[in-house]
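In what follows, a structure is listed as structure tokens, so that the remarks can point back to it.
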Amino acid sequence: MIIIVGNKHFTHHRGRTEEKITCPSCGHSLNFVLNTVSSWFTMVFIPIFPYRFKRRVECPFCRTCLRVDKEKYNALLKTRKRDRIRKI
Ligand SMILES: [Zn+2]
């Protein structure tokens, strides 16, 4: 009997930062995207449980990701701009 185990990563977009951040890679000063990346243990390609969470801000221009600590990320979440859904 063969049991297939592995991991899978899910990225959740949580909005944009209220303050503009200067990207160290491209130099643009923009509202970065707040992301949470969760890593899940999988069995037979089915996610079973999460084992790690990473908090990142991503440059919307060049997609460079910066890791931030939990306190800084939570402070950014409180003041974030929510992405607006465009009505057609
Ligand atoms: Zn950039």
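Note that ligands are numbered from 1 as they come in the structure, with each ligand's atoms numbered from 1 the same way.
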Proximity of Phe41 and Tyr51 rings by center, below 6.0 Å: no

Report yes or no: do Trp40 and Ser38 form a side-chain donor-acceptor pair below 3.5 Å? yes

I need the Arg55 CZ to Glu71 CD distance, nearest 0.5 Å. 8.5 Å

Given Tyr73, which of Arg14, Arg56, Lys54 fulfils the side chain to side chain contact (heavy atoms under 4.5 Å, CB included) condition? Arg14

Heavy atoms, side chains only, cut-off 4.5 Å: are Ile4 and Phe45 in contact? yes

Check the Zn ion (ligand 1) and write out every protein N, O or S atom at under 2.8 Å, as residue and atom. Cys23 SG, Cys26 SG, Cys59 SG, Cys62 SG

Distance alone, cut at 3.5 Å: any donor-acceptor contact between the side chains of His12 and Thr36? no

